[in-house]
Amino acid sequence: MEIDAFYYLILSSVMMFAGIYGFFTRRNLLATLISVELMLNATNINFAVFNRYFYPGALEGHFFTLFGIAISAAETAVAIAIMINVYRNVRNIQTDDVSDLKG
């Protein structure tokens with residue numbers, strides 16, 4: 001039994017909306033980062049689904065997915081470095097306290 005593309009697209013939509021909701025409602029920088037990663041993974045699912053079901057035999061969707069994963073890894077490394085610096089200066093990683101940084 002093969003799962004239809006519709007179900008993958010529903011999963012991707014739920015992940016995207018969960019990421020958007022988490023991004024706009026969370027105050028913690030780490031939770032915001034996780035929400036952004038959730039949105040990037042939703043787009044990676046879309047790339048893989050469209051490649052598998054609508055263009056079988058093509059590899060472009062898989063390359064875009066791998067490129068998206070590489071971007072996610074690089075973005076995570078930079079974001080964690082920023083969070084470490086914010087924590088060293090403010091001793092908190094809440095987004096409300098980031099405005100307390102002074103040059």
Name all pairs fulfilling the salt bridge (Lys or Arg N to Asp or Glu O under 4.0 Å) condition that reach into [range], sequence neighbours left out, sorted by first residue then second.
range          : answer
residues 51-62 : E2-R52
residues 38-47 : none
residues 5-23  : none

### Message
The criterion is ring pair (Phe, Tyr, Trp, His ring centres under 6.0 Å); which residues satisfy it with Y7, sequence neighbours excluded?
### Response
none
### Message
List the residues meeting ring pair (Phe, Tyr, Trp, His ring centres under 6.0 Å) with Y8, not counting sequence neighbours, and say none if there are none.
### Response
none
### Residues that, via side-chain heavy atoms closer than 4.5 angstrom, fall in one hydrophobic cluster with F67
I71
### Heavy-atom pair with the smallest gap, counting every atom of S35 and G19
CB-O, 3.3 Å
Mind checking what makes side chain to side chain donor-acceptor pair (under 3.5 Å) contact with [X], not counting sequence neighbours?
X   : result
N41 : none
S12 : N46
S13 : none
N44 : none

### Query
What residue pairs, at least two apart or across chains, pass ring pair (Phe, Tyr, Trp, His ring centres under 6.0 Å) with a residue in residues 15-40?
none
### Task
Start with the C-alpha gap between L40 and E75, add the side-chain angles, then the distance that decides, and say whether side-chain contact (heavy atoms from CB on, under 4.5 Å) holds.
CA-CA 11 Å; L40 288 172; E75 179 254 337; 3.9 Å; yes
Are [Y] and [X] connected into the same hydrophobic cluster when the rule is that any two of I, L, V, M, F, W, Y join if their side-chain heavy atoms are below 4.5 Å apart?
X   : Y   : value
I20 : V36 : yes
V49 : L38 : yes
F50 : L11 : yes
F54 : L59 : no
F6  : Y55 : yes

Distance from [X] atom [atom1] to [Y] atom [atom2], nearest 0.5 Å?
X   : Y   : atom1 : atom2 : answer
N51 : T65 : CG    : OG1   : 7.5 Å
L29 : I34 : CG    : CD1   : 11.5 Å
M83 : T76 : CE    : OG1   : 8.5 Å
M15 : I10 : CE    : CD1   : 13.5 Å

### Message
Working note: I80 + L33, criterion side-chain contact (heavy atoms from CB on, under 4.5 Å); need CA distance, chi angles, decisive distance, verdict.
### Response
CA-CA 9 Å; I80 289 176; L33 172 66; 4.2 Å; yes
#### Entry: With sequence neighbours excluded, residues passing side chain to side chain contact (heavy atoms under 4.5 Å, CB included) with A31
R26, N28
